[in-house]
Each structure stands twice: as structure tokens, then as C-alpha cells.
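See structure below.
In listed order, ligands and their atoms are each counted from 1. This is a predicted model, so every value here is computed, not measured. We use all heavy atoms of the structure for the numbers below, so side chains are in, but hydrogens, waters and symmetry mates are not.
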Amino acid sequence: MILTSIWNLIYIIQRSLFYNNHGYKYMHRNVRQQNNISINYFESMDQFEETYRTFLHSFLKNYLSISNSRNISLNYCPPIPPDLRGPLTVNEVPIDFSLRMNSSYHHDVKFGGYYQPKTCVARHKVAIIVPYRDRREILRHFLFHTHQILQRQQLDYRIYVCEQAFNKTFNKGIVMNSCFKEILKFQPDTPCFIMHDVDLLLIDDRNMYTCPTFPRHLSVAIDKFRFYLPYTSLVGGVLGMKYFPDKRGFSVFYLAMRREHYLLVNGYSTEYWGWGGEDDDMYARIISKELKVERPPASIARYKMLKHTHQKLNPARMKFLRTAQTRINSDGVNNVKYHLLSTSFYHLYTHFLIDVGEAPK
Ligand code: UDP
Ligand code: BGC
Ligand code: MN
């Protein structure tokens, strides 16, 4: 503990001296690009960050294994969580709820957005991956709403907000794959991943965020699509996956996926810049590896979509979709290129800030 405190103290001092208010190191990368003189200086900061991160990860891992063993005398949680409420209404976010401070509405959530039931041993350990960039109010609403549900589901879970740095074209595939890799470094025993768009709020807590045998498409009925699944080959997110677009329209997918299945399909393609296609590509991968997609009944897999600005449509998406199956092994989590700019822990989430590079010109 003493060693930890010393490390934390050094870290806080160096962050407050060298980082901007948000703790974002990428600001310094900008400086570095503009001013070669500062290169060595900031390279050494990178090493410091790396060492600190390794240390922190191993500390947290040890801490977590201690807290797991604390539960040895407890029984498993019941197969059907007793506190589920069924259909939910979406409440406004209280003004005093802030992402930077400890939330008085989420007492039991531990630092880093981690939770473990107190009275029983969770049957499911899951990582929630939230791809993110520049939708602060939506993120605030998502975290306020979703934590309360996941606790009632009696999961052992952690919410990871995976933020694409810089204001450039979004690449969800790279964000997902890099986040998946970082989670496995941090918590190598994570068996189940829920890929979750930030703008979808679950409105029935019986839709369990767990990984069954096959990938599971969780967002079957979304208010934006009048709670109607446009076509059955859609799969998608809480891993959003679906097959090639249908003339009738589309749907958004959420997908829950076991770690070994994510690796089997080689994660997401990294070729889709801007809006559209990456989830269709994922569906093509799943089918090509002869996996099935499970889906809970539409009566409970219900979501409200929060309003947001729209990304620029990617005109190249159909070109890549046509070759989706041929690129599975050469384009994905096995060769994703990115730079992890920072790892931060807030009360309600663990934050990875990721530089995904730029779309080819
Ligand atoms: N996203 C984001 N900021 C962006 C673009 C995308 O946070 O600028 C994330 C966010 O989680 C969002 C998801 O990527 O829910 C899917 O993108 P978007 O909502 O634009 O597409 P839709 O699924 O609504 O068609
Ligand atoms: C896009 C997908 C999207 C879906 C639903 C499709 O046309 O290719 O990426 O998820 O529409 O909006
Ligand atoms: Mn959206």
C-alpha cells in the first residue's frame, strides 16, 4: 500500500505538471509534432507512463484477486436475478450528476466503473466496450442509466469507454479492436465482451448482458425503428453485427461475444472510416466462421436511442463489404495499428484514449 501511494503521488504530480486539465497526453503529441526539440523529453514521459501503467495494472489485478477470494464463502447468485424490474422508464440525468466526481447515485460502483455483487458470487464476468468520441452529454446519460441496470443483473462487470482521440474521421473497428486488446492486457481473464453504442439505453432489464454459446445480438427492438427489427440477418452490437444492407432499411446491432469468438472472427475490420458498414462486415465474419447469432425476444431486447449528430457516410463502404470474407484473416484484431495515449480511471468508467491514425487519402 505504501508503495502504491508513493507511485500515485509521483504520478499525480507529473500529470499536474505536464498534462492539460483533462489529463490528455495527446495534447503533448501535438506539441511534439510541431516542435522537434521536445521529442526526447516527451519520449521519456511515454516510458514513465508505460511503467506506471504496468505497475497500476498489476496492482489492480492483485487487488481484484484479493476481493474475489473474499467471496469464496458466498454462494453463486441466483440464475434469475431477483431485483429485475422488467420495462423501465428513462429518467432525466440529475444536474448534480457529474462524470468527474464520485456519483452519489452509484454508491456501489468501484473506481474504474467496476462492480461485483456484494451478497453473492456473480455468474458472469463481462466487459462493456463503449466506442466514443465527442458525445459528452450522451455518455453522461448512458453511464447514469446503464450502471443501475447492470447492478440489478448481478454481473461482475466493468465499463470501458474507448475514446478515439482527435477530431478526425471515426473508425469504430480500430477503436473496438484496440480496446479489446487493451482490456485483455489489463484483465486477461475477461471471458465476455459487450460492444455497446453509447447512444442506446436499455429499457428492459431482463435483457441480460451475458455471453451465451453464440454471439448474441442484443438491440433487437429500438424506438427509432419503431421497435421493429428490419431484417433477420441483422446482428449487431452490444456487438453490432448485421449482414449486408437490405433495401428496406437497416438496424443497429448490439452484440455480446465470447472472447474466443471475437478472436476467431479476428475482431472488426479496420478499413471502415466514417459511417456504415463495419457491423455488416462483422456479420459476414461471423457467418463465414460458421457461428450462429442468438437474439433475445423483441419484447425484452428494447432500447431507446438518444438523439445525436450524424457522421459522414462512408462512400467506400460497399467496396469493402464486397470483399469482407476475403479479408478476415488479414485485417482485424491481429494487425490493428493504434497508439494508446492514456489510461485513466474515473468513478464510473475506465477510459482508454486511442489514436487510430488517419483515413487514407
Ligand atoms: N461514436 C461516437 N462519436 C462519433 C461517432 C461514433 O461516440 O463521432 C460511437 C458511439 O458509441 C455511437 C457509435 O459509435 O453510438 C455508432 O455511431 P453512430 O451513432 O454515429 O451511428 P448509428 O449507429 O447511429 O448509425
Ligand atoms: C449500415 C450499418 C448500420 C445500419 C443501421 C447499414 O446500412 O451499413 O453500418 O448499422 O445501416 O443503421
Ligand atoms: Mn447512433
Would a distance-only check, ignoring hydrogens and angles, find a side-chain to backbone donor-acceptor pair under 3.5 Å from His347 to Ser103?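 Checked: pair present.
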**Prompt:** Counting only N and O atoms by type, is there a donor-acceptor contact under 3.5 Å from the side chain of Arg317 to the main-chain atoms of Gly274?
**Reply:**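 It does not hold such a pair.
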Item checked: Stacked cation flag Arg140 on Phe97, 6.0 angstrom / 45 deg ->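 The answer is no; the distance or angle limit is not met.
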Hey, are His196 and Tyr160 close enough side-chain-wise for a donor-acceptor pair under 3.5 Å? no
Distance-only side-chain donor-acceptor flag, Asp96 / Tyr105, under 3.5 Å: yes
Contact (N/O only, under 3.5 Å) between [X] and ligand 1:
{"X": "Arg133", "value": "yes"}
{"X": "Arg135", "value": "yes"}
{"X": "Lys224", "value": "no"}
{"X": "Pro131", "value": "yes"}
{"X": "Phe170", "value": "no"}
{"X": "His308", "value": "yes"}

Under 4.0 Å between heavy atoms, the region of His310 that gets near ligand 1 turns out to be neither
Using a 3.5 Å cut-off on N or O atoms only, is [X] in polar contact with ligand 2?
{"X": "Asp279", "value": "yes"}
{"X": "Gly277", "value": "yes"}
{"X": "Trp275", "value": "no"}

Quiz prompt | Asp199 atom (N/O/S) at minimal separation from the Mn ion (ligand 3) | solution =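 The Mn ion (ligand 3) is closest to the Asp199 atom OD2, counting only N, O or S.
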Below 4.0 angstrom from a heavy atom of [X], which ligand 1 atoms are there? Numbered from 1 as shown, please.
{"X": "Trp275", "result": "21 (O), 22 (P), 25 (O)"}
{"X": "Asp199", "result": "12 (C), 15 (O), 19 (O)"}
{"X": "Tyr132", "result": "7 (O)"}

**Request:** Mind telling me whether His351 and Tyr349 have parallel, tilted or perpendicular rings, with 30° and 60° as the class edges?
**Result:** perpendicular
Quiz: residues 200-207 side-chain donor-acceptor pairs under 3.5 angstrom, not counting sequence neighbours:
{"from": "Asp204", "atom 1": "OD1", "to": "Arg206", "atom 2": "N", "distance (Å)": "3.0"}
{"from": "Asp204", "atom 1": "OD1", "to": "Arg206", "atom 2": "NE", "distance (Å)": "2.9"}
{"from": "Asp204", "atom 1": "OD2", "to": "Arg206", "atom 2": "NE", "distance (Å)": "3.4"}
{"from": "Asp204", "atom 1": "OD2", "to": "Arg206", "atom 2": "NH2", "distance (Å)": "2.6"}
{"from": "Asp205", "atom 1": "OD1", "to": "Arg85", "atom 2": "N", "distance (Å)": "3.0"}
{"from": "Asp205", "atom 1": "OD1", "to": "Gly86", "atom 2": "N", "distance (Å)": "2.8"}
{"from": "Asp205", "atom 1": "OD2", "to": "Arg85", "atom 2": "N", "distance (Å)": "2.9"}
{"from": "Asp205", "atom 1": "OD2", "to": "Arg152", "atom 2": "NE", "distance (Å)": "2.9"}
{"from": "Asp205", "atom 1": "OD2", "to": "Arg152", "atom 2": "NH2", "distance (Å)": "3.2"}
{"from": "Asn207", "atom 1": "ND2", "to": "Leu218", "atom 2": "O", "distance (Å)": "3.2"}
{"from": "Asn207", "atom 1": "ND2", "to": "Tyr303", "atom 2": "OH", "distance (Å)": "3.3"}

Let's go through Glu182 and Tyr338 carefully: what are the C-alpha distance in whole Å and the side-chain angles of both, what is the deciding distance for side-chain hydrogen bond (donor to acceptor under 3.5 Å, both in side chains) to 0.1 Å, and is it a yes or a no? CA-CA 11 Å; Glu182 292 303 320; Tyr338 67 97; 2.6 Å; yes
(message) Run the ring pair (Phe, Tyr, Trp, His ring centres under 6.0 Å) test on Phe193 and Phe180 for me, step by step, so that the C-alpha distance in whole Å, both residues' side-chain angles and the decisive distance to 0.1 Å come before the verdict.
(response) CA-CA 8 Å; Phe193 293 82; Phe180 177 86; 4.6 Å; yes
